[in-house]
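Below you'll find the structure, written out as structure tokens, and then a few comments.
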Amino acid sequence: PRESSAAPPSAGSEPSSATSTGDALACDASERRRPPRLASKAPPPPETVERVRSLSRDALGSRLVEALLLAAPRGWWSRVHAALRGDLRAMASHPLANFVVQALAASAPRRKELSLLLAEVGPAVPELVAQRAGVVWKLASACSRLGGGGAALLSALGAADEADGGG
């Protein structure tokens with residue numbers, strides 16, 4: 001084992017550094033800054049769209065995109081959604097990409113964004129109930145959290161019930 005050349009501090013002694021760990025970790029409110037706003041409303045470049053879609057269908061990549069959605073500033077939701085728009089219905093049924101769709105639902109910042117997601121994924125709810133119920137569950141949770149979109153989801157669930165022979 002490696003030995004340290006520094007002598008351990010004696011019992012009751014103070015750390016030798018000028019600042020204590022608490023001071024180093026303290027964060028003054030004036031030092032906190034909001035993340036920069038994402039200025040561009042332009043669609044992402046085609047190579048970015050392809051890369052995000054490819055990552056979303058990869059075992060490790062899908063976890064990366066999920067983490068980005070759940071931890072990144074609010075404005076990133078729109079950027080990721082823009083890269084995935086038009087492919088979300090297929091992604092919702094995919095064995096790996098469905099987790100990215102779930103993260104989109106869980107991180108939707110407002111009802112407006114949730115309605116964009118429901119508009120694209122909602123028609124697939126009848127199949128998703130049987131194949132990827134987690135997507136439906138995250139959509140329902142997002143509707144509850146944001147206080148909107150429930151009627152559209154219930155309508156899609158009604159279509160699933162009718163397709164299943166319910167009534």
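As the structure is a prediction and not an experimental result, all values here were calculated from the model.
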Practice task
Look at atom CZ of R51 and say whether more than 12 heavy atoms of other residues, nucleotides or ligands are closer to it than 6.0 Å.
Solution key: no

Handout entry: Min side-chain heavy-atom separation L128-S93 under 4.5 Å
Key = yes

Fill in the blank from the handout: Heavy-atom closest pair (G122 atom, A156 atom, distance to 0.1 Å) is O-CB, 3.5 Å

Exercise for the section: Over all heavy atoms of both residues, which pair between C143 and L118 is shortest? Give the atoms and the distance, please. Expected result: SG-CD1, 4.0 Å

Practice task
Can you tell me which residue pairs pass the ring pair (Phe, Tyr, Trp, His ring centres under 6.0 Å) test with a partner in residues 81-114, sequence neighbours excluded?
Solution key: W77-H81

Completion exercise
Shortest non-hydrogen pair, P123 vs P126, comes out as O-CD, 3.4 Å

Fill in the blank from the handout: Hits for salt bridge (Lys or Arg N to Asp or Glu O under 4.0 Å) against R111, two or more places apart or cross-chain, chain-then-number order -> none

Problem - side chain to side chain contact (heavy atoms under 4.5 Å, CB included) partners of A90, counting only residues at least two apart - result: R57, D87

Taking only distance into account, with no hydrogens and no angle test, what donor-acceptor pairs under 3.5 Å do side-chain atoms of residues 60-71 form with protein atoms, sequence neighbours excluded?
from: S62; atom 1: OG; to: D58; atom 2: O; distance (Å): 3.0
from: S62; atom 1: OG; to: A59; atom 2: O; distance (Å): 3.2

Problem - With sequence neighbours excluded, residues passing side chain to side chain contact (heavy atoms under 4.5 Å, CB included) with P46 - result: none

Problem - Flag side-chain contact, heavy atom, 4.5 Å: L146 against R110 - result: no

Exercise for the section: Please name the pair of heavy atoms, one in V49 and one in P44, separated by the smallest distance, quoted to 0.1 Å. Expected result: CG2-CG, 3.8 Å

Completion exercise
Residue set satisfying side chain to side chain donor-acceptor pair (under 3.5 Å) with Q102, at least two apart, ordered chain then number -> N98

Fill in the blank from the handout: Taking every heavy atom of A92 against every heavy atom of V101, the minimum-distance pair comes out as N-CG2, 3.8 Å

Problem - Sidechain N-carboxylate O distance under 4.0 Å for E113, R74 - result: no

Problem - Close side-chain approach of E120 and M91, heavy atoms under 4.5 Å - result: no

